[in-house]
Amino acid sequence: MKRSKILVLLFTLTVFNLFSSVSYAKKGYPVYLYQHKNYEGKFVGFNEGEYDLSDDWVNNRASSIFIKSGYEVKLFNKENSEKKNNEVTLTKSSPSLKDINGINMNNKTSFMLVKKRSSKGSENNSGGTNPENSDPSNDNSNASNASNASNASNTSNTSSNSNFDNSSTSQESLVKLSNGKLTYGRYKNREDTREVNVVPDFSFAGYKGGGVDLPKVVKTDEVAPSGNDSEKIQSVIDEVSKRSEGADGIKGVILLKKGKYTLNKPLRISSSGVVLIGEGAFEGGTTLLANYKTVDPLLLIKGNYKANTDKKHAQITDDLVPVGTNKITVDDASGFKVGDDVYVVKTPNDSWIRTLGMAIYKWEPNRYIQENDRKITAVEGNSITIDIPIIDSIYKAHGGGYVAKLSKSGVVQDCGVADIQFDTIFNGNTDEKHSWSAILFDGVENSWVRDVVALHFAYSCVTIDMNCKFNTVQDCAQLDPISEITGMRRYSFGINGGSSCNLVQRCYAREGRHDFVTGSNTNGPNVFLDCFSENAHADTGPHHRWAAGLLFDNVKSREVNARNRGKSGSGHGWAGAQVLCWNCEAETMVLEAPPLAMNYSVGTIAKRGRPMVEGEPDGIIESNGKHVSLRSLYIEQLRSRLGDEAVAKITTPDQLKDTIYSELKAKYSKVK
């Protein structure tokens with residue numbers, strides 16, 4: 001068989017540990033190769049496909065095999081390809097590959113084919129006992145829940161009407177509030193035995209790092225509708241942009257008087273300190289109408305972001321930097337001091353890709369480099385303490401990482417938008433030749449959008465795009481988008497790659513698809529708080545390619561998912577890691593544990609949905625079907641870090657009492 005004809009090269013599970021399969025339970029793959037006979041030593045699991053083993057440890061080193069009922073495996077010795085005994089077919093597990101129908105495949109397997117058997121398939125006569133008790137998907141023990149929150153076979157084969165098994169009996173509670181103090185239970189990542197991770201502190205998300213009032217601005221300039229509105233508004237924006245910033249960072253506040261403004265081209269803010277406000281987002285207020293037939297956002301707020309790092313990098317020496325930690329050990333910390341801005345960079349390698357099982361979708365390590373923008377708060381020896389915790393585990397064996405000093409330029413800051421309705425022209429319910437987004441942030445920090453209504457936009461109300469940090473979007477709505485209902489449309493409130501510490505709260509979406517969503521390689525913490533998606537045509541959650549450190553806190557939608565999306569799109573694969581659903585509500589939820597990571601749900605009311613990839617284990621599930629008494633994790637983490645005053649600055653009284661879904665629906669139901 002020629003290498004060019006290989007259909008799939010995939011190691012869906014590379015586990016380098018010393019435990020046998022009996023003690024390392026619930027992986028849920030149909031086939032496992034083991035290093036030693038009798039299913040002992042290192043092992044690796046496989047789904048259906050063809051596998052060239054020449055690039056990994058198992059090549060010519062497998063001595064036993066587990067095969068789940070209903071599957072057939074062909075083992076090949078390519079080094080012996082010219083001889084008749086270079087392959088063997090098995091339909092049952094074998095504790096030894098030394099003598100299978102007279103053929104010795106012990107330490108000689110270099111290629112493998114896994115497929116489901118037809119109903120007429122014959123059984124092999126290799127002898128030996130089928131080790132059903134060592135099949136991870138059949139293990140019903142009470143093993144501690146890090147990679148095995150529930151039986152993997154149940155995950156892949158249950159209907160959408162089935163319930164999750166609550167796992168808190170085998171896993172210390174992730175978060176507790178006792179005597180007014182938060183405490184955190186440690187957990188282990190899937191494929192790891194070390195209980196060293198904790199749920200990260202998400203409270204740094206939001207304007208100025210969380211717990212800070214949005215500015216109470218006073219107008220400096222005024223515009224009224226004139227019929228030549230694009231040029232008029234843009235000229236005032238440009239004039240304000242030239243001014244010096246005040247003590248609060250603001251150059252000017254442009255008031256758009258009530259009425260309808262017809263815009264024949266988009267508006268753009270590319271300078272810090274420019275604020276655009278109206279006289280209300282509802283009837284009788286201020287409306288901006290995009291009267292053009294291109295997809296450009298009506299308002300683009302964009303900097304010329306550049307990140308400059310020192311050429312000297314301090315390599316991370318920890319074998320594992322766990323989730324939730326603020327401390328990192330490097331080989332030389334002598335060049336760092338308190339107050340330095342740094343990038344903590346995760347540099348995954350091919351081993352990381354293979355362990356995730358993403359090689360089949362052609363994931364490449366350099367596309368998943370994760371740059372965490374942090375500030376140093378302490379240096380002791382070669383130990384560095386950072387302000388915001390790590391949100392994704394850094395494994396030395398899977399690429400490790402480094403710390404480097406960071407300086408940024410071209411960032412737009414202290415911009416705001418408030419009290420405006422955005423709308424767009426359209427011609428029919430599926431017309432797409434019109435503006436797709438109301439507001440787009442790109443290279444923006446410490447800015448905000450509040451009390452905005454977006455009508456008929458094909459894509460979003462607000463998209464926080466690339467390289468954005470410490471922004472808040474609150475009390476906004478995306479209503480009745482005009483577009484086809486298909487991919488790449490109707491992402492009502494989105495956060496994309498390179499953007500962290502952003503808060504979307506008290507927002508509402510109607511007739512969207514992915515209403516509260518993240519894009520590829522979006523490293524948090526990022527938070528959606530007290531949001532409601534109604535009549536959604538797809539799910540809320542991380543959408544594709546490893547968004548890490550994401551909190552859905554009291555979010556209601558048709559579906560809430562954090563899962564392996566497999567070949568969806570162009571190979572979306574694992575959509576997110578360290579995704580926490582807290583007291584959410586949905587018809588269904590798929591909450592799966594990625595290798596070397598974890599996803600979690602606490603107090604969510606949802607039935608289990610259907611997975612997109614069979615065999616993935618559940619993440620950590622606590623109190624499914626019943627909300628926990630700690631209503632909001634984000635609010636309580638903010639209170640713990642900054643006190644009651646900070647909580648009061650960013651919340652409403654109703655929000656502190658209970659969920660606000662009915663209030664959000666009532667507020668926007670009158671907007672048509």
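All of these numbers come straight from a predicted model, not from anything done at the bench.
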Report task. Go through the steps to decide whether Ser492 and Ser460 satisfy the test side-chain hydrogen bond (donor to acceptor under 3.5 Å, both in side chains), and finish with yes or no. Result -> CA-CA 4 Å; Ser492 302; Ser460 71; over 6 Å; no
Report task. Please step through ring pair (Phe, Tyr, Trp, His ring centres under 6.0 Å) for the pair Phe202 and Tyr634, ending with a clear verdict. Result -> CA-CA 6 Å; Phe202 291 96; Tyr634 173 83; 8.5 Å; no
Query raised in the report: Are Arg639 and Asp644 within salt-bridge range, i.e. N to O under 4.0 Å?
Result: yes
Query - Electrostatic pair Asp341-Lys408, nearest N-O below 4.0 angstrom - result: no
**Report entry** Ionic contact status for Asp442 with Lys302, cut-off 4.0 Å
**Finding:** yes
Query raised in the report: Can you find a pair of side-chain heavy atoms, one from Lys232 and one from Val223, that are under 4.5 Å apart?
Result: yes
Report task. Identify, with sequence neighbours excluded, every residue that meets side-chain contact (heavy atoms from CB on, under 4.5 Å) alongside Val517. Result -> Tyr491, His514, His543
Just distance, no hydrogens or angles: give the donor-acceptor pairs under 3.5 Å from side chains in residues 664-671, sequence neighbours left out.
| residue | atom | partner | partner atom | Å |
| --- | --- | --- | --- | --- |
| Lys665 | NZ | Glu534 | OE2 | 3.0 |
| Tyr668 | OH | Asp475 | O | 3.3 |
| Ser669 | OG | Ala666 | O | 3.1 |

Requested in this report: Among residues two or more places apart or on two chains, list those pairs meeting salt bridge (Lys or Arg N to Asp or Glu O under 4.0 Å) that have a residue in residues 511-532.
Outcome: Asp530-Arg631
Report task. Quick one: which residue pairs count as a salt bridge (Lys or Arg N to Asp or Glu O under 4.0 Å) with a foot in residues 476-496, not counting sequence neighbours? Result -> Glu432-Arg489, Asp480-Arg510
Report summary line: Here the salt bridge (Lys or Arg N to Asp or Glu O under 4.0 Å) pairs for residues 540-551, sequence neighbours left out, are none
Report task. For the residue pair Trp363 and Trp546, categorise the inter-ring angle as parallel (less than 30°), tilted (30 to 60°) or perpendicular (more than 60°). Result -> perpendicular
Query - For Tyr305, ring pair (Phe, Tyr, Trp, His ring centres under 6.0 Å) partners two or more places apart - result: none
Query raised in the report: Tell me, do Lys556 and Thr659 make a side-chain contact under 4.5 Å, heavy atoms counted?
Result: no
Query raised in the report: Should Tyr261 and Leu289 count as side-chain neighbours, where that means a heavy-atom distance under 4.5 Å?
Result: no
Report task. For the residue pair Leu256 and Leu276, establish whether any side-chain heavy-atom pair is separated by less than 4.5 Å. Result -> yes
